[in-house]
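Ligands are counted one by one from 1 in listed order, and the atoms in each one are counted from 1 as well.
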Amino acid sequence: MEVIICKTKDEASRLAADMVAACVKKNPKCVLGLATGSTPIGMYKCLAEDVKARKISFKGVRSWNLDEYWGLAGTHDQSYRYFMDKNLFELIDIDRKNTHVLNGLAKDWKREVKAYEAAIKRAGGIDLQVLGIGSDGHIAFNEPGSSLASRTRLVSLTPQTIKDNARFFKKAADVPKYALSMGVGTIMEARTIVLLAFGANKADAVKGAVEGGISQFCTASALQMHKDAWFFCDEAAAAKLKLKKYYAWRGLEELARR
Ligand code: F6R
């Protein structure tokens, strides 16, 4: 695991975008794993700028997203499919039929998740997985207590997550209580991991993931066992790391050597 510490989130987003762009340049048909949430938006903007400047093309790229609310149609403005269309897919030249997001309306969720994992496998596996991190250390919707060997499945959201999401919905009854999510085991199979973390409210999660023990209580800590995982943090998110001064220069040197 390498930790890249930047002064600002814009700087970190640019460096992370460069790693994604390098993956796409190396293999224009690569398979990307993508995340939603506020954190990757800046990085997606950088990638859209690269496409506009004709530095890269996503024409042959295939993507699979981490998660989707169960019970929401992809056309719902709070669905993750909608988020991806607006914040990335409509801004780049990817072929929409090569983009995959779990179907939140799948009644037979067992069949849906099985088909999703099988499709990733058929595509050759994920080359690079983009991740955010929850303030409790979750990755995708693998809330504390999720098995570190978990696969794509239906998950129950924590009362805190349900409460946090209530502001995005008109009525409390509309707030999803379940999601379909890749498991920690699924994520760990990606060849490269690019995790972004910004802001002071992520400092405890980053500390737990990087310097805490490996535990299902902080599912991002499983990434300590990944051989090519990169954390791109701003100074606020890295503030509680004991070895932050060391990571600050080592990370950039490792990045240059890559
Ligand atoms: C999103 C996802 C989540 C988020 C995490 C952080 O697809 O899987 O794990 O990455 O909740 O969310 P933000 O970036 O909004 O702080």
Donor-acceptor contacts, no H, no angles, side chain residues 16-27, under 3.5 Å, sequence neighbours left out:
unit_1 : atom_1 : unit_2 : atom_2 : d
Asp18  : OD1    : Arg14  : NE     : 3.2
Asp18  : OD1    : Arg14  : NH2    : 2.8
Asn27  : OD1    : Lys29  : N      : 2.9

Extract all donor-acceptor atom pairs below 3.5 Å that involve side chains of residues 124-134 and protein atoms in other chains or at least two apart in sequence.
unit_1 : atom_1 : unit_2 : atom_2 : d
Asp127 : OD1    : Arg191 : NH1    : 2.7
Asp127 : OD2    : Val31  : N      : 2.8
Gln129 : NE2    : Gly33  : O      : 3.4

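For Glu11 and Lys7, the salt-bridge test fails: no basic side-chain N is under 4.0 Å from an acidic carboxylate O.
Looking from atom 11 (O) of ligand 1 to the surrounding protein, the closest heavy atom is His138 NE2, 2.7 Å. Remark: minimum distance from atom 3 (C) of ligand 1 to any protein heavy atom is reached at Ala140 O, 3.7 Å. Closest protein heavy atom to atom 15 (O) of ligand 1: Ser38 N, 2.9 Å. Regarding atom 16 (O) of ligand 1, its nearest protein heavy-atom neighbour is Lys202 NZ, 2.7 Å. Nearest to atom 1 (C) of ligand 1 among the protein's heavy atoms is Thr36 OG1, 3.1 Å. Protein heavy atom closest to atom 10 (O) of ligand 1, with residue, atom name and distance, is Gly132 CA, 3.4 Å.
The side-chain tip of Lys114 does not point at the ring of Tyr116 from less than 6.0 angstrom away and within 45° of straight on.
The closest heavy-atom contact to atom 6 (C) of ligand 1, among the options Ile133, Leu66, Thr39, comes from Ile133. Looking at Ile139, Thr219, Asp67 and measuring to atom 7 (O) of ligand 1, the nearest heavy atom belongs to Asp67.
Put simply, the side chain of Thr219 gets close to the backbone of Asn142: a donor and an acceptor are under 3.5 Å apart.
In Lys177, the NZ atom is crowded: over 12 heavy atoms of neighbouring residues, nucleotides or ligands sit closer than 6.0 Å.
Partner of Tyr69 under the side chain to side chain contact (heavy atoms under 4.5 Å, CB included) criterion, chosen from Leu102, Asn165, Val175: Asn165.
Applying the 4.0 Å criterion to heavy atoms of Gly37 picks out, from ligand 1, the atoms 14 (O), 15 (O).
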